[in-house]
**Student:** 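I'd like to ask you about the structure that follows.
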Amino acid sequence: MNPADLSAALLTVVTGIAQRRGGELRLTIDDLLLERPRNREHGDWASNIAMKLARPLGTNPRELAGEIASEVAKLDGVASVDVAGPGFINITLDAAAAGALAKTIVEQADRYGHNDSLAGQTINLEFVSANPTGPLHIGHTRWAALGDSLARVLKASGAELVREFYINDAGNQMDSFAASILAAAKGEPTPEGGYPGQYIADLAARVLETRPDLLELDEPEALAVSGELGYQYQLGEIRDSLERFNVHFDVWFSERVLHATPASGPSAIDAAVDRLRAQGHVFDLDGAVWVRTTDFGDDRDRVIRRANGIYTYFAADAAYYLSKGDRGFAHKIYLLGADHHGYVHRLKALAGAAGDDPDRDIEVLIGQLVSINGARLSKRAGNIIELGDLQAWLGTDALRYSLGRYPADSPLTLDPEVLQRRTNDNPVFYVQYAHARTHAVARNAAASGVARTVFDAGLLEHETESILLGILAEFPRVVRQAAELREPHRVARYSEELAGAYHRWYDNCRVTPLGDEDVTDLHRTRLWLNDAVGQVLRNALELLGVSAPERM
RNA sequence: GCGCCCGUAGCUCAGCGGAUAGAGCAAUUGACUACGGAUCAAUAGGCCGGGGGUUCAAAUCCCUCCGGGCGCACCA
């Protein structure tokens with residue numbers, strides 16, 4: 001009896017009663033709100049369905065709950081049912097029905113937790129998308145961690161998904177970048193509005209190594225060489241640092257491709273503007289070309305092509321959006337920093353102007369900023385912390401976990417002192433330790449002759465076992481919710497809850513016999529439970545991109 | 001001025017219509033010659049920013065005010 005079975009059985013009971021009372025109710029499993037009560041005295045599972053339906057069925061909640069309860073009590077695997085408070089139905093399973101899950105999990109292994117709630121969806125998930133003119137900073141790092149975990153959770157829920165990095169490699173900032181590198185190569189100060197920083201000098205040194213003739217070239221060519229080589233080196237650095245962070249992008253999309261004019265016809269941007277015009281959301285004013293973004297909630301219309309004939313950044317965005325659809329992605333998710341939230345309406349408008357449904361086909365998630373030690377880190381303030389530095393300092397696991405356990409829309413303050421500690425301040429170690437402990441227990445079990453030869457679920461009667469089983473049962477739903485709500489941090493909070501319940505169980509229930517005690521079926525059955533917990537912790541950490549060590 | 005996000009324990013934050021609001025840290029006190037003490041048990045700590053509403057039920061939804069953050073270009 002897993003939660004899905006129980007929900008289905010409850011649904012049958014409730015619809016039956018509703019029909020008998022003459023109610024026209026179309027219920028789905030999601031309406032039943034079967035949940036695990038916080039308080040153990042309220043049973044293994046609770047439903048508030050009676051309070052929801054009392055009014056439509058013309059009765060009072062307690063009476064309806066009683067009627068439902070008496071039928072649910074007859075179900076196989078249900079030990080007892082109580083009606084409590086204003087009309088909650090509290091269900092307690094018998095130990096055998098609840099315990100069966102341990103075996104199921106071990107058998108499903110890394111598939112446990114996967115679900116098909118997003119099956120059939122094709123998703124383009126774009127995140128980080130930093131300018132290739134410098135290293136990734138803490139803000140990009142937060143998105144890298146959260147975006148990658150979101151991708152994993154979406155895939156685990158059945159979506160077909162591509163992780164995409166949009167490279168802003170066209171535009172003024174690339175010229176400024178080239179000029180900064182060339183100046184550094186010449187030993188000159190950073191030009192006005194250029195990029196400062198040691199990394200520019202490092203890039204200049206590498207460019208000079210490849211092209212010792214750089215300073216003998218004439219100015220335009222020297223700039224072109226500096227810019228192009230610097231770009232490649234910097235992009236390589238970004239890619240490497242992300243890979244070291246367990247973040248792999250499937251597609252690196254260059255903005256330049258959109259500007260390029262193929263021999264055969266117009267550039268992607270020209271074509272995009274024409275397509276938007278054909279949809280009827282483009283107009284001309286004062287010599288410029290505009291998109292009527294106000295039709296889609298923007299507070300003013302936006303210029304897509306200036307009066308001087310040059311396209312705005314918005315034009316590339318439009319072409320890029322269309323490219324995603326052309327490449328077969330029905331659903332586009334953008335992850336942007338809080339400093340870009342002004343783009344939300346514009347991007348939505350693009351979807352609408354392209355003939356898509358702005359409420360369904362595009363999703364823009366905004367992440368709040370990160371500060372460290374109370375000081376916000378911004379490029380402008382100059383106190384920027386790079387991904388590479390953070391990673392070397394704290395380690396991939398601690399950094400990914402710390403950034404991944406908070407929702408994106410809450411501002412976050414990290415304390416580097418805490419992140420370095422190998423203690424409970426740093427929950428990643430708490431969870432990893434629980435996982436390592438499941439392996440230690442399994443090793444000891446093997447040494448004591450305890451093996452998974454027998455599984456008798458009814459023996460898992462201890463209170464900590466019943467709690468543990470309840471938490472294990474929730475994992476698939478947690479993954480599903482994390483995917484549907486775009487909140488991968490739920491997986492991290494869940495793993496902490498599971499780790500805590502496991503430690504408490506470990507304290508109360510032994511898997512290996514003491515001294516000269518005999519090995520019993522209880523020991524063997526508990527080994528299944530132990531291994532099930534290890535499996536789920538591993539699955540959860542995998543979704544977060546964090547390693548699950550067998551020893552620490 | 002307008003828009004978006006956030007105000008929950010001393011700190012960092014979960015919870016986002018359900019039962020007595022939670023975790024970790026910090027504080028106090030206990031538990032190993034029993035599967036790794038990177039653990040566990042216990043105590044203490046709250047007008048969930050203020051005020052109105054919506055309903056059987058509000059930290060959660062709506063309105064309003066007060067704080068804090070971030071944005072409001074024919075820049076990229």
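To find a chain, count down the sequence lines: A is the first, B the second, and so on, and within it residues start at 1. None of these values were measured; they are calculated from a predicted model.
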**Student:** Given the rule that a pair is Watson-Crick or G-U wobble with both distances under 3.5 Å, how would you write RNA chain B in dot-bracket, using | for pairs to a different strand?
**Tutor:** (((((((..((((....[...)))).(((((.......))))).....(((((..]....))))))))))))....

**Student:** Which nucleotide in the list rA38(B), rC70(B), rC5(B) gets nearest to the side chain of Gln368(A)?
**Tutor:**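 The answer is rC5(B), which lies nearest to the side chain.
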
**Student:** Looking only at atom P, what distance separates rG45(B) and rA9(B), rounded to whole Å?
**Tutor:**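 Per the computed distance, 15 Å lies between those P atoms.
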
**Student:** Report all interatomic pairs (protein N or O, nucleotide N or O of nucleotides 10-15 of chain B) with separations under 3.5 Å.
**Tutor:**
unit_1, atom_1, unit_2, atom_2, d
rU12(B), O3', Thr413(A), O, 3.4
rC13(B), OP1, Pro411(A), O, 3.4
rC13(B), OP1, Thr413(A), N, 2.4
rC13(B), O2', Arg493(A), NH1, 3.3
rA14(B), OP1, Ser410(A), OG, 2.7
rG15(B), OP1, His489(A), NE2, 2.9

**Student:** Determine the Euclidean distance between corresponding P atoms of rC13(B) and rG1(B); express it in Å to zero decimal places.
**Tutor:**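 rG1(B) and rC13(B) have their P atoms separated by 28 Å.
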
**Student:** On a whole-Å scale, what distance lies between the P atoms belonging to rG46(B) and rG22(B)?
**Tutor:**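 Nearest-Å result for rG46(B) against rG22(B) at atom P: 14 Å.
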
**Student:** Heavy atoms only, 4.0 Å cut-off, all strands: where does Ala338(A) land among base, sugar-phosphate and nothing?
**Tutor:**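 Sugar-phosphate only.
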
**Student:** Find the distance between CD (Glu255(A)) and CG (Asp169(A)) and round it off to the nearest 0.5 Å.
**Tutor:**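 One finds 6.5 Å between CD of Glu255(A) and CG of Asp169(A).
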
**Student:** Of the nucleotides rG36(B), rA19(B), rA34(B), which has the atom closest to the Asn90(A) side chain?
**Tutor:**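 Closest nucleotide among those given: rA19(B).
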
**Student:** Hey, what do you get for CZ (Arg302(A)) to CG (Leu350(A)), rounding to the nearest 0.5 Å?
**Tutor:**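 That separation rounds to 11.0 Å.
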
**Student:** Can you name the closest pair of heavy atoms from Asn60(A) and Ala54(A) and give their distance?
**Tutor:**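 That closest heavy-atom pairing would be C-CB, 3.8 Å.
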
**Student:** What integer distance in Å separates Glu496(A):CD from rC25(B):P?
**Tutor:**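 Nearest whole value for this atom pair: 11 Å.
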
**Student:** NA contact type, Asn508(A), heavy-atom cut-off 4.0 Å: base, sugar-phosphate, or nothing?
**Tutor:**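 No contact.
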
**Student:** Looking at RNA chain B, which of residues 304-311 of chain A put a heavy atom within less than 4.0 Å of it?
**Tutor:**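 Arg306(A), Ala307(A) - these, ordered by number, are the residues of the stretch whose heavy atoms sit under 4.0 Å from the strand.
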
**Student:** Let me know which of Glu465(A), His462(A), Glu463(A) forms a side chain to side chain donor-acceptor pair (under 3.5 Å) with Trp505(A).
**Tutor:**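 Output: one option passes, namely Glu465(A).
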
**Student:** What is the nucleic acid contact for Arg510(A), judged by heavy atoms within less than 4.0 Å: base, sugar-phosphate only, or nothing?
**Tutor:**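 Base, at least one base atom sits under 4.0 Å.
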
**Student:** Hey, do the aromatic rings of Trp143(A) and Phe127(A) have their centres closer than 6.0 Å?
**Tutor:**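 Centroid distance Trp143(A)-Phe127(A): not below 6.0 Å, so no.
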
**Student:** Assert yes or no for the condition that the ring centre distance of Phe177(A) to Tyr231(A) is strictly below 6.0 Å.
**Tutor:**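 Judged by ring-centre distance (under 6.0 Å), Phe177(A) and Tyr231(A) do not meet the cut-off.
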
**Student:** Figure out the CD/P separation between Glu497(A) and rG24(B), and round it to whole Å.
**Tutor:**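 Rounded to whole Å, this separation is 12 Å.
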
**Student:** If I pick the P atom on rA14(B) and the same atom on rA23(B), what distance separates them, to the nearest angstrom?
**Tutor:**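 My reading of the P atoms in rA23(B) and rA14(B) gives 16 Å.
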
**Student:** Minimum heavy-atom separation for Ala288(A) to Ala307(A), with atom names?
**Tutor:**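 Looking at all heavy atoms of both residues, the closest pair is CB-N, 3.8 Å.
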
**Student:** Relative to each other, are the rings of Tyr166(A) and Phe253(A) parallel, tilted or perpendicular (30° and 60° limits)?
**Tutor:**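 Rings of Tyr166(A) and Phe253(A): tilted, as their planes differ by 30° to 60°.
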
**Student:** For Gly171(A), answer base if it contacts any base atom (sugar-phosphate contacts may also be present), sugar-phosphate if it contacts only those atoms, and nothing otherwise; contact means non-hydrogen atoms under 4.0 Å.
**Tutor:**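 Gly171(A): backbone/sugar contact only, no base atoms under 4.0 Å.
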
**Student:** Indicate, with yes or no, if the rings of Tyr311(A) and His259(A) have centres closer together than 6.0 Å.
**Tutor:**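 Distance test on ring centres: not under 6.0 Å, no.
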
**Student:** Take atom C1' in rG24(B) and the same atom in rU60(B), then report the distance between them in whole Å.
**Tutor:**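 After rounding to an integer number of Å, I get 23 Å for this pair.
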
**Student:** Do the side chain of Asn48(A) and the base of rG18(B) come within less than 3.5 angstrom through a donor-acceptor pair of N or O atoms?
**Tutor:**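 Result: at least one qualifying N/O pair found.
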
**Student:** Distance check, C1' atoms only: rC66(B) and rG50(B), in whole angstrom units.
**Tutor:**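 It comes out at 7 Å once rounded to the nearest Å.
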
**Student:** Mind checking the CD1-CD1 spacing from Ile89(A) to Ile68(A)? Nearest 0.5 Å is all I need.
**Tutor:**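 Separation between the atoms: 4.0 Å.
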
**Student:** Can you check the distance between rA42(B) and rG51(B), where both ends of the measurement are the C1' atom (answer in whole Å)?
**Tutor:**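 Pairwise C1' distance, rA42(B) against rG51(B), rounds to 39 Å.
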
**Student:** Taking atom P in both rA27(B) and rC70(B), compute the distance separating them and give it to the nearest angstrom.
**Tutor:**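 Each nucleotide's P atom is 33 Å from the other's.
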
**Student:** Rounded to whole Å, how long is the line connecting atom NE2 of His42(A) with atom C1' of rA21(B)?
**Tutor:**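 For the pair His42(A) NE2 and rA21(B) C1', the rounded distance is 15 Å.
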
